[in-house]
Amino acid sequence: MHEKTLAELSQALQSKALSSVELTQHYLKRIEQLDGSLNSYITVTAESALEQAKAADARIAAGNASALTGIPLAHKDLFCTQGQRTSCGSKMLDNFISPYESTVTQRFLDAGSVSLGKTNLDEFAMGSSTESSFYGPTRNPWDTDRVPGGSSGGSASAVAARLCAAATGTDTGGSIRQPASFSGIVGLKPTYGRCSRWGIVAFASSLDQAGPLTRSVADAAHMLGAMAGHDPKDSTSAPIPVPDFAAGLDAGVKGLKVGIPKEYTLDGMPPEIEALWTQGMDWLKDQGCECVEVSLPHTKYALPTYYIIAPAEASSNLARYDGVRYGNRIDNSNGVIDMYRQSRANGFGAEVKRRIILGTYVLSSGYSDQFYLRAQKARTLIQREYQQAFQSVDAIVGPVSPAPARMIGQNADDPLQDYLADIYTICANLAGVCGIRVPCGSVNYEGSNLRGGLQLMGPHLGEPALLRAARAWEVIRDAE
């Protein structure tokens, strides 16, 4: 039953071919049997999951169920869940029990879904491999010696290994789309403001956005429908109605115009990735799309822009973790300042410290104009460039990552290599537009058969058309 899609599971539950309790027990058993080798979960909430499953069965019997009622999901451990640990993959919050529920997870509870637990992630979502977690690295189900991507690597690994029906993640610079690519699943980064950020522990507030990781485009549409919507508790939440994202998915893409950025062809790109890109464009043409070249010349400034803005916002957001109100605390008799210093030094990992130091530096007196202000100006140019491109095309297609999943520990002494791997994903976050990663088969890379994929990016609030294009891509892929 774990091979069924959300729609198939929902139909089976509604017809009472199986119960939510049976389905939940099945997934919990798989987690117990398989997750020891993957480490995709930080916390498994078996007891509360079964209670939610019983309530879902009662709701189905009463005839007031939704499409997600009784479906077992997992949530990235960056979403606050009331009465449960919300660790952010960090020693700093290892003992933190959230007193409230995030808006996104509450909406899934309101829909009657079942929460199996909280998934692993790079510490405070800072990373591209899920190796910086205090709870150890998550492994790729297709090759356990390789990373699943990050920072939502735990969610991606769990969905790919069928340890949940679908999962939530967050995308700050590619943290949904890149692990979806490495793990061979669908990952959707919605438009900034489409989903509430309230109750999501902040990394970079102007970039973070919640989204789903699923096995199919239709599943992503159903998940987004539950997640999206205005939230008065989040000032960045878009006050607009939520469309039916699942409607019209199979309408086809004939007549759509898709842009191919000429700047996305990089020296040294593995031929396997370039071949996938070419194949993806051919598939779209076969479906009736017109593919045209577009220019995004400020793409070359995206990496330095992102790695100034994101650490700066992280430095500000993480200043609240001082060992006083909650989180890791090192008591000593040398005064409050030394207690702050030791608590933060002991609670944060190396990658988080690196980004806090960088962010504090670019915000410091004498340097903020030189670095931070210039980065904001560059971001504005990137935003305008995408707005202009979407006036002539309906979507933009490109790779997700310059290379498939690397070996665990490969870049331990050179974090810059992981930063460089974000080149294709961070522009969507800087511009605030939507993007989706769709599986396109596998690539033979360094002797391993690894998952590959491409991404489609759409304009602001352009998810309906983006999902339709992704579905057409999925249909022709499955037909081959």
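The first residue of the sequence shown is numbered 1, and numbering continues consecutively from there. What you see is a predicted model, and the numbers here were worked out from it, not measured in a lab.
- Applying the 6.0 Å contact sphere to NZ of K377 captures no more than 12 heavy atoms from other residues, nucleotides or ligands.
- Inspection of the T43 and D77 side chains reveals no N or O donor paired with an N or O acceptor under 3.5 Å.
- Counting non-hydrogen atoms of neighbouring residues, nucleotides and ligands closer than 6.0 angstrom, the CG atom of D413 reaches no more than 12 such neighbours.
- Taking the charged nitrogens against the carboxylate oxygens, D338 and R341 do have a contact shorter than 4.0 Å, which makes a salt bridge.
- K76 and S152 share a side-chain donor-acceptor pair at under 3.5 Å.
- Counted by atom type alone, S132 and E123 present zero donor-acceptor pairs between their side chains at under 3.5 Å.
- Residue R374 qualifies as open at atom CZ: its count of foreign heavy atoms under 6.0 Å is 12 or below.
- The backbone N or O of Q376 sits less than 3.5 Å from a side-chain atom of T380, completing a donor-acceptor pair.
- Results of the salt bridge (charged side-chain N to carboxylate O under 4.0 Å, His left out) test with R406 over D143, D418, D145 single out D418 as the only residue that passes.
- Around the OH atom of Y301, the shell of radius 6.0 Å holds no more than 12 heavy atoms that belong to other residues, nucleotides or ligands.
- A donor-acceptor pair is defined here as one N or O able to donate and one able to accept, closer than 3.5 Å; such a pair exists between the side chain of T130 and the backbone of G153.
- Side-chain contact check for S128 and Q178: no donor-acceptor pair (N or O, by modelled atom type) lies under 3.5 Å.
- The existence of a salt bridge linking E351 and R354 is confirmed by a sub-4.0 Å separation between a basic side-chain nitrogen and an acidic carboxylate oxygen.
- Taking 4.5 Å as the limit, some side-chain heavy atom of L28 sits within range of a side-chain heavy atom of V44.
- Using modelled atom types, one finds no donor on one side chain facing an acceptor on the other under 3.5 Å when comparing R59 with S20.
- Between H75 and F108, the two ring planes are tilted [angle within 30° to 60°].
- A salt bridge does not link R30 with D35: every distance from a Lys NZ or Arg NE/NH1/NH2 to an Asp or Glu carboxylate oxygen is 4.0 Å or more.
- Side-chain N or O atoms of S115 include none that pairs as donor or acceptor with a backbone N or O of T45 at under 3.5 Å.
- Without hydrogens or angle criteria, Q455 side chain to P399 main chain gives a donor-acceptor distance under 3.5 Å.
- Residues N429 and R177 have side chains that bring a donor and an acceptor to within less than 3.5 angstrom of each other.
- Only one option out of S175, S196, P190 pairs with Q209 in a side-chain contact (heavy atoms from CB on, under 4.5 Å); it is P190.
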- Test side chain to side chain contact (heavy atoms under 4.5 Å, CB included) on D208 and T170 and set out the steps. CA-CA 7 Å; D208 299 339; T170 61; 5.6 Å; no

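- A centroid separation of less than 6.0 Å is found between the aromatic rings of F124 and Y321.
- Between the side chain of D234 and the backbone N or O of R197 there is at least one donor-acceptor pair closer than 3.5 Å.
- In this structure, the side chain of R215 engages the main chain of K4 through a donor-acceptor pair within 3.5 Å.
- Between the side chain of S364 and the backbone N or O of Y367 there is no donor-acceptor pair closer than 3.5 Å.
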